[in-house]
Q: 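Below: one structure in structure tokens.
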Amino acid sequence: MTSPGATAIEEPWPRSEPASLFPGVEQQELRDALRGLLAKHSDIDAVREASASDHGFSRELWQQLADDMSVAALAVPESHGGLGYGTDELSIILEECGRALVCEPVLSSAILGTQALLLGAADEAIAELLAQAMAGSLLVAVSSLEPEHDQLRAEETDSGWTVSGGVTHVVGGDAADVLIVSAETTDGRRTFAVHPSPRSRVTRRAIDPTRRLADVSFEGTAALTMTEPGADATFRARIEDLRILAVACENTGIVDRLLELTLEYVSTREQFGRPIGSFQAIKHRLADLLITLERARSASRYAAAVFAEDPDEARLAVAVAGAVCTDAALEASAEAIQLHGGVGFTWEHAAHSYFRRALGNEALQGDSRRHRARIANLIGI
């Protein structure tokens, strides 16, 4: 109840009913099946080996994820040949991929790529690309879609659209068959799907070697338009929200695995004849990590649930998840390295690969200050 004289505060995103946050039986079975698959084929040694290969990931594991787990078709409506699930299920996929530090193009192609193509699937040519992407036979990468990174110009000719210029820092851009980019036209910025030439790509040296970045150039390259004049801002906002949400879910999985690894270590490492995990100071730090994990889970899963109901209402929840989960992954990485002692400070230990992924994710979606600034803007302060 509002006290006399007080000003009522309107909710920045009116909701008709609360989002469902509790996983059902199907969702738990999905998590168990994916965790079992990744435990067999994607331990840290396998991840490092696959990320150092020519492709930057395991083609065999990628096809298993596409065929057996349907990661690319999971959240595509049945009317487009998908399974008809939503971002609740995608959040499970991303959490488990974060736990296993998967280097396969789940985030870049199965999540961002297919969802971007889905937004343009009214066009028959884009719908055909979507079908191939869902099958895992076509790899898709989505650029930042921001003018500072997508320095492209598109022109309409008698035979269709062409794009020229370059894009930078594209996740998965080195192996993608199709890039989704933003380019300037005479009617303003529009989004296009382009088949890049293998010779037009330069792989960047990134802090996270398990997730490659590439710069790609174009010179009069044929392109398919995905947005109409004036509709590009809405398209880019939807993909940006999905990108932030996806990385937040992955960061939650990273925190989960790091806490698990740390608990295993402090339960077996002994000093003065007892496990170091029995010392009060260690218990307090582990308790803080557990709170960090639960905070990240709450933020990311709530954002996924709201996004599943109505993406346009989810922007505040997504921004909160971005801020909370970014800080959580960095905090958990630092704590895991320190609590592992001398072995934790070696580059060979798994904690450092998770730390690099957390830093790479921060660069990909922005640091927590950026998300908090967005929160302030959304609530009008």
Side-chain angles (χ1 to χ4, degrees), residues 13 15 18-32 34-35 38-39 86-102 244-267 277-309 314 316-340 344 350-351 354-355 357-359 361-362 365-369 371-372 374-375:
W13 77 108
R15 305 239 358 186
S20 175
L21 301 179
F22 298 100
V25 175
E26 282 189 356
Q27 292 174 323
Q28 188 57 50
E29 289 176 347
L30 172 63
R31 186 183 299 278
D32 293 342
L34 183 56
R35 186 173 298 188
L38 296 178
T87 47
D88 288 331
E89 288 72 26
L90 288 186
S91 69
I92 294 172
I93 296 290
L94 289 159
E95 276 189 37
E96 293 304 313
C97 288
R99 271 182 54 91
L101 212 67
V102 164
I244 294 171
L245 173 59
V247 173
C249 293
E250 186 178 86
N251 280 338
T252 300
I254 288 173
V255 179
D256 188 19
R257 180 56 178 157
L258 286 172
L259 177 57
E260 187 177 82
L261 286 172
T262 306
L263 280 171
E264 291 173 358
Y265 179 77
V266 301
S267 298
S278 64
F279 299 147
Q280 189 174 30
I282 302 297
K283 288 181 179 179
H284 285 173
R285 293 174 73 171
L286 292 172
D288 288 342
L289 267 184
L290 178 59
I291 292 171
T292 297
L293 171 60
E294 291 305 317
R295 187 166 62 243
R297 275 179 176 160
S298 298
S300 61
R301 292 183 183 181
Y302 177 74
V306 177
F307 195 96
E309 292 180 358
L316 180 59
V318 167
V320 170
V324 170
C325 297
T326 296
D327 283 345
L330 294 172
E331 178 186 339
S333 300
E335 280 290 85
I337 289 171
Q338 289 196 4
L339 289 175
H340 274 82
Y354 284 94
F355 189 29
R357 176 64 66 86
L359 290 172
N361 282 349
E362 182 185 38
Q365 67 156 13
D367 61 21
S368 60
R369 289 178 298 178
H371 298 301
R372 289 190 172 93
R374 189 182 184 205
I375 293 169

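The figures here come from the full heavy-atom set of this structure, side chains too, leaving out hydrogens, waters and symmetry mates.
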Q: Knowing that exactly one of Val247, Asn251, Asp367 qualifies, which makes a side-chain contact (heavy atoms from CB on, under 4.5 Å) with Glu362?
A: Asp367
Q: Evaluate the side-chain contact (heavy atoms from CB on, under 4.5 Å) criterion for residues Gln27 and Arg31: first the C-alpha distance (whole Å), next the side-chain angles of each, then the deciding distance (0.1 Å), finally the verdict.
A: CA-CA 6 Å; Gln27 292 174 323; Arg31 186 183 299 278; over 6 Å; no
Q: Kindly compute the distance separating CZ (Arg301) from SG (Cys249), expressed to the nearest 0.5 Å.
A: 9.0 Å
Q: Does the Thr262 side chain pair with the main chain of Ala336, one donor and one acceptor, at a distance under 3.5 Å?
A: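 No; zero donor-acceptor contacts below 3.5 Å.
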Q: Could you measure the distance from the CG atom of Leu286 to the CG atom of Leu263? Nearest 0.5 Å is fine.
A: 5.5 Å
Q: Rounded to the nearest 0.5 Å, what's the gap from CG on Asp288 to CD on Glu335? Could you check?
A: 7.5 Å
Q: Taking the side chain as every heavy atom from C-beta outward, state whether Arg285 and Val266 have any atom pair closer than 4.5 Å.
A: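 With C-beta onward as the side chain, the pair stays apart.
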Q: With rounding to the nearest 0.5 angstrom, report the CD to CD1 distance, Glu331 to Ile291.
A: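 It is 10.0 Å, given to the nearest 0.5 Å.
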Q: Counting only pairs under 3.5 Å, give me each side-chain donor-acceptor contact of residues 319-328, with atom names and distances, residues two or more places apart or in other chains.
A:
unit_1 : atom_1 : unit_2 : atom_2 : d
Thr326 : OG1    : Gly322 : O      : 2.7
Thr326 : OG1    : Gln365 : NE2    : 2.5
Asp327 : OD1    : Ser368 : OG     : 2.9
Asp327 : OD2    : Ser368 : OG     : 3.4
Asp327 : OD2    : Arg372 : NH1    : 3.1
Asp327 : OD2    : Arg372 : NH2    : 3.0

Q: Just jot down the salt bridge (Lys or Arg N to Asp or Glu O under 4.0 Å) partners of Arg99, sequence neighbours excluded, or say none.
A: Glu96, Asp256, Glu260
Q: Looking at Ala303 and Leu245, what are the two nearest heavy atoms and their distance?
A: CB-CD1, 3.7 Å
Q: Is the closest side-chain heavy-atom distance between Val255 and Thr252 below 4.5 Å?
A: no
Q: Please report the closest heavy-atom contact between Ala351 and Ile337, naming both atoms and the distance.
A: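 Minimum heavy-atom separation between Ala351 and Ile337: CB-CG1, 3.8 Å.
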Q: Looking only at heavy atoms, what is the nearest atom pair of Tyr354 and Ser333, with distance?
A: O-OG, 4.0 Å
Q: Determine whether Leu339 and Tyr265 make a side-chain contact, defined as any pair of heavy atoms from C-beta on separated by less than 4.5 Å.
A: no
Q: Has the side chain of Arg35 got a donor or acceptor atom that lies under 3.5 Å from a matching backbone atom of Ala100?
A: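 Not confirmed, Arg35 side chain does not pair with Ala100 backbone.
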Q: Could I get the full list of side chain to side chain donor-acceptor pair (under 3.5 Å) partners for Glu26, not counting sequence neighbours?
A: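 With neighbours one apart ignored, the set is Tyr85.
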Q: Let me confirm one number: the CD1-CG distance from Ile254 to Leu330, rounded to the nearest 0.5 Å.
A: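 Answer rounded to 0.5 Å: 9.0 Å.
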Q: In Å, rounded to the nearest 0.5 Å, how long is the span from CD of Glu95 to CZ of Arg297?
A: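 The CD atom of Glu95 sits 7.0 Å away from the CZ atom of Arg297.
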